[in-house]
Amino acid sequence: MEQHFGSKSRSSLRRYKKRLEECFDIRYEVYQGNIDKKWYNEIFEHLRTLMIRRFKKKKEENYELQHLDEIKADLYPMLLQNRATLYVIYANGEPVSIRINMMKDKLAFYILSAYNPDYDIFRLGKLDMSQNISWFINQGYTTYDLLKGYAYIKEKWADRTYANNLVFVNEASNLWNQLKFFFTLASVRFRHTMIKKLKYIGLDKIIHRIKRRKVNHLDKANYVVLPFKETEAIKTIHKNALINLEENKSLIAPIIELAYKHRSCFDQIQVFLKNGNSKEYYILIEDRYYLLKVS
């Protein structure tokens, strides 16, 4: 990775990792071999939830979600045979990033992954990729294949690409089925040609940037965090009800952002409901005070 990324990029990744570990109790776990079936079922439900949340935020459909039960059934025996891994990042004991890989000889293959979008500010997707690749390198694997399909993060991490050959086999014996085969073949060729041309002029990257800006704008519009005067806060803040964040998941994202900003332990941040108003909250982080307004 030192050859693929410059010193600035590597320094940035280390900074995000250190900040994450300052704010949360972080564990990086690789699971393979003898795995408890009950835990396995639970981790897949976590994965399903993360996939739904992640792609809802991206305003995209997830092709893999509809096949998750099939993947779950196929993966378990492969884990027992050490032909697959589950790479999980925990924050304060909760899975916040889950990645599925498969292996053959010294080759490792990415299958799917998802992470909690509340942790976007820590660049959790990049950290997950970095830690996962480092583990495979340390285990003696020579290649980590991200497989087919374009994704922005694949472009950033891959050091080489290769073409996939799509093979059609025509076993039709009658004229009607042969005509349907050639129509399907022509449609696929046309679609692939158009995609190739659009990628050549960079339109796919432009669309990705526009969608990314739109999603970020929509997310930031959900809440606003304002500094609060200390003298006023001291008089009023402790008169209000203390909030349990485990029971108020919608408040976690802005609190995580404040933890990142102040390099503060997430568990030490206190949140109070303002005067019974379910849309406004006081936040006490170390010796600083904030007012959180949720739209």
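The basis for the numbers below is simple: all heavy atoms, side chains too, and nothing from hydrogens, waters or symmetry mates.
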### Query
In terms of hydrophobic clustering (I, L, V, M, F, W, Y; side-chain heavy atoms under 4.5 Å; direct or indirect links), are Trp39 and Tyr76 co-clustered?
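Looking at the clustering, Tyr76 is in the same group as Trp39.
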### Query
Does Ile52 share a hydrophobic cluster with Leu50, counting links as ILVMFWY side-chain heavy atoms below 4.5 Å and allowing steps through other members?
yes
### Message
Please verify the inter-ring angle class for Tyr31 with Tyr90; under 30° counts as parallel, over 60° as perpendicular, anything in between as tilted.
### Response
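Aromatic pair Tyr31/Tyr90 classed perpendicular.
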Has the side chain of [X] got a donor or acceptor atom that lies under 3.5 Å from a matching backbone atom of [Y]?
| X | Y | answer |
| --- | --- | --- |
| Ser12 | Lys8 | no |
| Asn248 | Asn244 | yes |
| Ser130 | Lys126 | no |
| Asn174 | Asn177 | yes |

### Query
Can a salt bridge be assigned to the pair Arg53 and Asp118 using a cut-off of 4.0 Å between side-chain N and carboxylate O?
yes
### Task
Output yes when Arg288 and Glu286 qualify as a salt bridge under the 4.0 Å nitrogen-oxygen rule, no when they do not.
no
### Message
Thr143 vs Phe109, test: side chain to side chain contact (heavy atoms under 4.5 Å, CB included). Steps then yes/no.
### Response
CA-CA 8 Å; Thr143 302; Phe109 304 89; over 6 Å; no
### Task
List the steps, then state whether side chain to side chain contact (heavy atoms under 4.5 Å, CB included) holds for Leu47 with Leu112.
CA-CA 10 Å; Leu47 177 59; Leu112 64 87; 3.7 Å; yes
[Y] side chain reached by [X] side chain, heavy atoms, under 4.5 Å:
| X | Y | result |
| --- | --- | --- |
| Arg83 | Lys104 | no |
| Ser113 | Ile100 | no |
| Ile89 | Arg27 | no |
| Leu68 | Phe44 | yes |
| Tyr40 | Leu79 | yes |
| Leu242 | Gln270 | yes |
| Tyr281 | Lys274 | no |
| Val294 | Leu292 | yes |

Locate the shortest heavy-atom distance separating [X] from [Y]; write the atom from each residue and the value.
| X | Y | result |
| --- | --- | --- |
| Ser250 | Pro254 | O-CD, 4.2 Å |
| Cys23 | Ala259 | SG-O, 3.3 Å |
| Gly33 | Leu80 | O-CD2, 3.2 Å |
| Val271 | Ile255 | CG2-CD1, 3.7 Å |

### Task
Start with the C-alpha gap between Asn92 and Asp267, add the side-chain angles, then the distance that decides, and say whether side chain to side chain contact (heavy atoms under 4.5 Å, CB included) holds.
CA-CA 9 Å; Asn92 291 358; Asp267 283 344; 3.2 Å; yes
Sequence neighbours excluded, which residues qualify as side chain to side chain donor-acceptor pair (under 3.5 Å) partners of [X]?
| X | result |
| --- | --- |
| Tyr260 | none |
| Glu21 | Lys17, Tyr28 |
| Asp74 | none |
| Asn132 | Asn101, Tyr144 |

### Task
For Phe266 and Phe24, run ring pair (Phe, Tyr, Trp, His ring centres under 6.0 Å): C-alpha distance rounded to whole Å, both residues' side-chain angles, the deciding distance at 0.1 Å, then the answer.
CA-CA 6 Å; Phe266 179 84; Phe24 297 91; 5.2 Å; yes
### Test ring pair (Phe, Tyr, Trp, His ring centres under 6.0 Å) applied to Phe272 and Tyr282, step by step
CA-CA 5 Å; Phe272 301 85; Tyr282 294 120; 7.7 Å; no
Residues that [X] engages under ring pair (Phe, Tyr, Trp, His ring centres under 6.0 Å), provided they are two or more places apart:
| X | answer |
| --- | --- |
| His262 | Tyr290 |
| Phe182 | none |
| Tyr115 | none |
| Tyr87 | none |

If I take atom [atom1] from residue [X] and atom [atom2] from residue [Y], how far apart are they, to the nearest 0.5 angstrom?
| X | Y | atom1 | atom2 | result |
| --- | --- | --- | --- | --- |
| Lys249 | Ile252 | NZ | CD1 | 4.5 Å |
| Gln139 | Ile137 | CD | CD1 | 11.5 Å |
| Glu246 | Leu251 | CD | CG | 11.5 Å |
| Lys261 | Ile256 | NZ | CD1 | 16.0 Å |
| Gln32 | Leu75 | CD | CG | 11.0 Å |
| Leu20 | Leu124 | CG | CG | 6.5 Å |

What pairs with [X] under salt bridge (Lys or Arg N to Asp or Glu O under 4.0 Å), at least two apart in sequence or on another chain?
| X | value |
| --- | --- |
| Arg263 | Glu22 |
| Glu45 | Arg48 |
| Lys37 | none |

### Query
Above 12 or not: heavy atoms from other molecules or residues under 6.0 Å from CG of Asn34?
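Count not over threshold, so no.
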#### Entry: CA sep, side-chain torsions, deciding dist, call: Arg99, Leu86, side chain to side chain contact (heavy atoms under 4.5 Å, CB included)
CA-CA 6 Å; Arg99 176 179 292 258; Leu86 275 167; over 6 Å; no
### Task
Taking side chain to side chain contact (heavy atoms under 4.5 Å, CB included) as the test, write out the residues that go with Thr142, two or more places apart.
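Listed in chain order: Lys106, Leu107.
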